[in-house]
Engineer: 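Structure provided below as structure tokens; questions to follow.
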Amino acid sequence: AYASQAKRQKQQERLGNQTIWKSNIAKFIDFLVQFQDRVKHNSDGSIVEDSVRFKPVLRQGSYYSVQSLKEMVFSKDVIDFAVRTSPEVVQVLADLDIEPRDCVSLSDTLDADRSGVIIVGELIAGISRMRGEFQRSDIVAVDLMLRS
């Protein structure tokens with residue numbers, strides 16, 4: 001019981017640490033930009049699997065202006081592809097305290113307006129809500145929303 005409580009307390013400290021949050025969400029966005037820049041599509045819109053065989057790297061000094069962040073849009077297929085093929089993307093999601101099982105349908109979860117694309121605002125808001133362990137109250141709240 002003590003080990004579980006200590007683990008939970010450590011996770012809560014990590015979840016509350018804004019430096020860790022900002023660093024890791026910036027890495028995630030940068031990795032997605034790298035994928036989006038390199039991915040190629042077939043005529044039917046699907047991703048050419050061999051078009052993106054690279055390891056995303058944290059680029060030193062890579063930052064984006066507030067305006068460019070507001071304009072960024074990621075396609076759901078690029079997010080799914082990045083999560084499916086890149087251990088680095090999965091690791092940064094783990095560093096953000098996103099459970100591995102939640103990565104499988106990440107783009108669906110992040111696409112709040114069901115537009116088929118994810119703007120940076122949706123991405124940041126969605127990731128921040130997904131962090132950490134879910135509580136029973138979270139499940140009850142969703143159940144109540146679905147009933148109404």
Side-chain angles (χ1 to χ4, degrees), residues 7-49 51-59 61-148:
K7 180 181 175 186
R8 200 171 280 130
Q9 182 178 1
K10 188 174 181 178
Q11 182 184 42
Q12 288 303 316
E13 289 172 8
R14 200 172 52 249
L15 290 171
N17 186 319
Q18 287 299 304
T19 302
I20 292 173
W21 161 252
K22 289 175 184 176
S23 171
N24 287 318
I25 197 69
K27 278 186 213 176
F28 184 57
I29 290 169
D30 191 39
F31 287 172
L32 290 179
V33 167
Q34 291 177 53
F35 269 89
Q36 189 119 317
D37 288 347
R38 287 181 169 86
V39 77
K40 296 193 180 5
H41 290 85
N42 290 313
S43 58
D44 66 358
S46 63
I47 291 179
V48 177
E49 293 284 328
S51 70
V52 186
R53 295 279 184 235
F54 78 104
K55 179 179 178 179
V57 295
L58 183 60
R59 300 182 283 195
S62 73
Y63 64 92
Y64 304 97
S65 69
V66 172
Q67 187 60 36
S68 68
L69 282 172
K70 287 180 180 179
E71 295 170 358
M72 279 185 195
V73 177
F74 300 104
S75 66
K76 288 174 63 173
D77 63 338
V78 168
I79 291 174
D80 291 340
F81 185 78
V83 169
R84 190 175 71 246
T85 63
S86 174
E88 294 80 16
V89 170
V90 172
Q91 181 59 54
V92 79
L93 287 167
D95 293 345
L96 283 162
D97 288 286
I98 304 298
E99 294 290 325
R101 67 179 175 268
D102 294 329
C103 293
V104 175
S105 60
L106 184 64
S107 68
D108 289 330
T109 304
L110 296 176
D111 187 14
D113 62 1
R114 302 292 180 237
S115 64
V117 296
I118 292 103
I119 61 173
V120 169
E122 284 178 312
L123 184 129
I124 292 170
I127 294 290
S128 69
R129 285 191 302 269
M130 293 175 67
R131 297 179 76 207
E133 293 180 5
F134 292 105
Q135 303 298 318
R136 189 175 310 165
S137 61
D138 297 325
I139 296 166
V140 170
V142 169
D143 185 44
L144 291 172
M145 286 182 353
L146 291 173
R147 290 182 190 186
S148 59

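Quick note: numbers below take in every heavy atom, side chains included, and nothing from hydrogens, waters or symmetry partners.
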Engineer: Might you point out which heavy atoms bring Ser128 and Ala125 nearest each other, and give the distance in Å?
Structural biologist: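 Of all heavy-atom pairs spanning Ser128 and Ala125, the closest is OG-O, 2.8 Å.
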
Engineer: Of all residues at least two apart in sequence or in a different chain, which pass the side-chain hydrogen bond (donor to acceptor under 3.5 Å, both in side chains) check with Thr109?
Structural biologist: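 Expected list: none.
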
Engineer: Can you check side-chain contact (heavy atoms from CB on, under 4.5 Å) on Val117 and Phe74, steps first, answer last?
Structural biologist: CA-CA 6 Å; Val117 296; Phe74 300 104; over 6 Å; no

Engineer: Given Ser86 and Phe35, is the side-chain contact (heavy atoms from CB on, under 4.5 Å) satisfied, shown in steps?
Structural biologist: CA-CA 10 Å; Ser86 174; Phe35 269 89; 3.6 Å; yes

Engineer: Where do Val89 and Ala82 come nearest, in terms of heavy atoms and distance?
Structural biologist: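 The pair with the smallest heavy-atom distance is CB-O, 3.8 Å.
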
Engineer: Check whether Glu122 reaches the backbone of Asp111 with its side chain - one donor and one acceptor, N or O, closer than 3.5 Å.
Structural biologist: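 The answer is no, because no donor-acceptor pair under 3.5 Å joins these two groups.
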
Engineer: Can you tell me how far apart CE (Met130) and CD (Glu99) are? Round to the nearest 0.5 Å.
Structural biologist: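 Answer for the CE-CD pair, Met130 versus Glu99, is 9.5 Å.
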
Engineer: Say you draw a straight line from CZ of Arg129 to CD1 of Ile124; how long is it, rounded to the nearest 0.5 Å?
Structural biologist: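 Answer rounded to 0.5 Å: 11.5 Å.
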
Engineer: Are any side-chain N or O atoms of Gln36 and backbone N or O atoms of Val78, one a donor and one an acceptor, separated by less than 3.5 Å?
Structural biologist: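 Checking the backbone N and O of Val78 against the side chain of Gln36, no donor-acceptor pair under 3.5 Å is found.
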
Engineer: Look at the side chain of Ser23 and the backbone N and O of Ile20, then say whether any donor-acceptor pair between them is shorter than 3.5 Å.
Structural biologist: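 Absent.
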
Engineer: How would you list, by chain and number, every residue that makes a salt bridge (charged side-chain N to carboxylate O under 4.0 Å, His left out) with Asp108, sequence neighbours excluded?
Structural biologist: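 Asp108 satisfies salt bridge (charged side-chain N to carboxylate O under 4.0 Å, His left out) with Lys76 only.
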
Engineer: Checking Asn42 side chain against Asp44 main chain: does a donor-acceptor pair fall under 3.5 Å?
Structural biologist: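 No; judged by distance alone, with no hydrogens or angles, the pair does not exist.
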
Engineer: So, for Cys103 and Val83, which heavy atoms are closest and what is the spacing to 0.1 Å?
Structural biologist: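 Minimum heavy-atom contact is O-CG1, 3.5 Å.
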
Engineer: Do Ile127 and Leu110 pass the side-chain contact (heavy atoms from CB on, under 4.5 Å) test, and can you show the C-alpha distance, the side-chain angles, and the key distance before you say yes or no?
Structural biologist: CA-CA 7 Å; Ile127 294 290; Leu110 296 176; 4.1 Å; yes

Engineer: Report yes if the side chains of Ser75 and Ile79 come closer than 4.5 Å at any heavy-atom pair, otherwise no.
Structural biologist: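 Of all side-chain heavy-atom pairs linking Ile79 with Ser75, none is under 4.5 Å.
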
Engineer: Do Ile119 and Asp113 have side-chain heavy atoms sitting under 4.5 Å apart?
Structural biologist: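 No. Closest side-chain heavy atoms not under 4.5 Å.
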
Engineer: Would you check if the side chain of Arg131 reaches a backbone N or O of Leu96 as a donor-acceptor pair within less than 3.5 Å?
Structural biologist: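 Here the side-chain-to-backbone pair exists.
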
Engineer: Could you tell me if the side chain of Leu106 sits less than 4.5 Å from the side chain of Leu93, heavy atoms only?
Structural biologist: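 Yes - at least one pair of side-chain heavy atoms lies under 4.5 Å apart.
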
Engineer: Run Val73 and Val120 through side-chain contact (heavy atoms from CB on, under 4.5 Å) and show every step you take.
Structural biologist: CA-CA 6 Å; Val73 177; Val120 169; over 6 Å; no

Engineer: Is the shortest heavy-atom distance from the side chain of Val90 to the side chain of Pro100 under 4.5 Å?
Structural biologist: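 No, their side chains stay 4.5 Å or more apart.
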
Engineer: Can you measure from CG (Asn24) to CZ (Phe31) and round to the nearest 0.5 angstrom?
Structural biologist: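 If I round to the nearest 0.5 Å, the distance is 9.5 Å.
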
